[in-house]
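Presented below is the structure to which this report refers.
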Amino acid sequence: MKNQKYKKLFSNTALFAIANMGTKLVQFILVPLYTYTMSKAQYGTVDIVLTTINMLLPLFALSIADAVFRYTMDKREISSVLVNGLMVTFIGSVAVFLCIPLFGLFKIAYPSLFAISLSLTLFMTLFQNFARAAGFEKQFALSGVINALVLSSLNILFLVYFKLAVQGYMLSMVIAYLLTDVYLIVSIKLWRQVDVKSLSWSKTKEYLSYSIPLIPNAFSWWFTNDANRYFILLFVGASGNGLYAVANKIPSILTMIYNIFAQAWQMSAVEEFHSEKNGEFYSNVLNGSIRILVIIACGLLAVIKPFMSVFVSPSYFSAWKFVSFLLLAAIFSNASAFLGTIFLAAKKTRSIMSTTIIGMVVNLFFNLLLIPKFGVNGAGIGSSLGFLLVCITRYVMVNKRFVKLTLEKGLIYLFLGFFAIMMVNFTISSMLLSSITNVVITIVLIGLQAKYFYKFIRK
């Protein structure tokens, strides 16, 4: 790895892997615990709670954490960025608690615990974004480890020993988020970064002009990615949503890996945006990212049947049928996020919003059309089509406005391999035969890409 910009991207990715891997792996590894301690309906309820927090987060925070990250990366007026971001987050947190009666009205489980979780998440997102951009990468990384350890320990305590089910899961979240916030405040000595004199309405308006267009974008992204749970709840029921939640844990591995990389990629994309060879750099990273995503997806899909047979309780085994299209949606979702980072680097957040809304409308249409007809798989198909359209739209816009990107033709063979594995799973009933066939296909795909990865590492 000769080029410094590639070295920095890889070293930051490795560091941020520490921050994210813990929490995401815990959520995945503990799936057997959840499936044995909660019914499908209870686990579906937990999934709805998490999904709703993700939906409301940008609304109450006004997406200010994204502005804090981007403007802190400029290394100017860091104190102003932080203190004005804190003010917006504090106001959002107050609004959260005022909405507790409303949460109860909408039948959200344990509305008070829900509000506390949401409020603590507002601050955790802000602190982590600031730490990552201000040079506190190690503290940011360790915050993820702390969150994972506390969350996993308390999940075991509350679900297994106290048998608190949904309430126990939410209590675990509250304590884990609280301790993570406290750690970040103390470790980066946040009070030293805050200068109350830097409070400025004009600066707040500047930051909000960047972040507010990300609110409908975040909502639309959530809608494209997560709202299908509500349609499943409507057309299939809570049990169907429980199966969907388990099935979605497999694509979450893919998204976890990409999100780790994305945090490093955001920094590199900003730093290299004005460089002369940014097109070559962006294209190389884009093609490499898609290759890795598809190969990992093929590997996961190849062993999905035997894996699910031992990973979850028997009542959840049929969830394997829904993984294929969810993996495809995850590939397109992460590719869309990659392209969206270029808009963030250019500070053109309105373009991100408009492209995401297109995907949301497509996903909404296909959810309403396909879920009543195909059940849970209809949600995966709808999400795949929605994110594919976002990918195409963003790719065209980036090429026209910012930088010339090049997609390599060899990527088509990877997608053909993915569809071949999908077809084997659905057409060959023998678990052993289908798994062996799919593993062989995956090995062949990896062999075909070996030359490309060798060249990339040599850069």
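Every value quoted in this text rests on a predicted model; they were computed, and no experiment measured them. Both backbone and side-chain heavy atoms feed into the values below; hydrogens, waters and symmetry mates do not.
Using modelled atom types, no side-chain atom of Asp195 and backbone atom of Val83 make a donor-acceptor pair closer than 3.5 Å. For Asn287 (side chain) and Thr406 (main-chain N/O), a donor-acceptor pair under 3.5 Å exists by modelled atom type. Put simply, the side chain of Asn84 gets close to the backbone of Ser198: a donor and an acceptor are under 3.5 Å apart. Under the 3.5 Å distance criterion, the side-chain polar atoms of Thr341 are matched with a main-chain donor or acceptor of Ala337.
Across every non-hydrogen atom of Ala247 and Val323, the tightest pair is O-CG2, 3.8 Å. Listed here is the closest heavy atom pair of Gly92 and Leu122: C-CD1, 3.9 Å. Closest approach of Gly135 to Glu137, counting heavy atoms only: O-OE1, 2.9 Å. The heavy-atom pair separating Val174 from Ser117 by the smallest distance is CG2-OG, 3.2 Å. Contact detail for Val68 and Gly85: the closest heavy-atom pair is CG2-CA, 4.1 Å. Between Leu327 and Ala297, the shortest heavy-atom contact is CD1-O, 3.7 Å.
Put simply, the side chain of Leu326 does not reach to within 4.5 Å of the side chain of Ser383, judged on heavy atoms. By the 4.5 Å heavy-atom criterion applied to side chains, Leu184 and Leu190 are not counted as neighbours. For the pair Ile250/Met308, a side-chain contact is recorded, criterion being any heavy-atom separation below 4.5 Å from C-beta on. For the pair Leu414 and Ile290, the minimum side-chain heavy-atom distance is 4.5 Å or more. Side-chain contact check for Leu62 versus Ile91: every heavy-atom pair is 4.5 Å or farther apart. With a 4.5 Å cut-off on side-chain heavy atoms, Ile146 and Leu149 do not count as touching. Counting only heavy atoms from C-beta outward, the side chains of Leu142 and Ser187 never approach each other to under 4.5 Å. Side-chain contact between Thr204 and Ile64 is absent, with no heavy atoms from C-beta onward closer than 4.5 Å.
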Would Ser324 and Leu328 count as a side-chain contact (heavy atoms from CB on, under 4.5 Å) here? Give the steps.
CA-CA 6 Å; Ser324 300; Leu328 191 62; over 6 Å; no
Which is it for Ser143 and Phe127 under the side-chain contact (heavy atoms from CB on, under 4.5 Å) test, yes or no, and what are the steps along the way?
CA-CA 10 Å; Ser143 72; Phe127 297 155; over 6 Å; no
Determine, stepwise, if the pair Leu171 / Leu154 fulfils side-chain contact (heavy atoms from CB on, under 4.5 Å).
CA-CA 8 Å; Leu171 282 170; Leu154 293 178; over 6 Å; no
Step by step, work out the side-chain contact (heavy atoms from CB on, under 4.5 Å) result for Leu56 and Phe114.
CA-CA 11 Å; Leu56 296 178; Phe114 175 85; 3.9 Å; yes
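Between atom CD1 of residue Ile331 and atom OG of residue Ser336 there is a gap of 11.5 Å, rounded to the nearest 0.5 Å. Summarising the geometry, atom CG belonging to Leu405 is positioned 5.0 Å from atom CG belonging to Asn399; distances are rounded to the nearest 0.5 Å. Between the OG atom in Ser283 and the CG atom in Leu407 there is a gap of 7.5 Å [rounded to 0.5 Å]. Between the CD atom of Gln193 and the CD1 atom of Ile185 there is a distance of 12.5 Å, given to the nearest 0.5 Å. Here the CG-CZ distance, from Leu389 to Arg394, works out to 11.0 Å after rounding to the nearest 0.5 Å. Distance check, rounded to the nearest 0.5 Å: CD1 of Ile296 to CG of Leu293 gives 6.5 Å.
No more than 12 heavy atoms of other residues, nucleotides or ligands shown are found within 6.0 angstrom of CZ on Phe90.
A centroid separation of 6.0 Å or more is found between the aromatic rings of Tyr258 and Phe338. Annotation: Tyr210 is not in aromatic contact with Tyr207 [ring centroid separation under 6.0 Å not met]. Aromatic ring centroids of Phe343 and Phe402 lie under 6.0 Å apart.
Using a 3.5 Å distance cut-off with no hydrogens or angles, the side chains of Asp66 and Ser211 do not pair a donor with an acceptor. Side-chain contact of Ser119 with Ser93: a donor-acceptor pair under 3.5 Å is present, judged by distance alone.
A side-chain contact (heavy atoms from CB on, under 4.5 Å) with Leu57 holds for exactly one of Thr121, Val96, Thr52; it is Thr121. Of the options Tyr36, Tyr169, Tyr34, a ring pair (Phe, Tyr, Trp, His ring centres under 6.0 Å) to Tyr43 is made by Tyr34 and by none of the others.
Note on ring orientation: taking the six-membered ring where Trp is involved, the planes of Phe60 and Phe103 are perpendicular (angle over 60°, cut-offs 30° and 60°).
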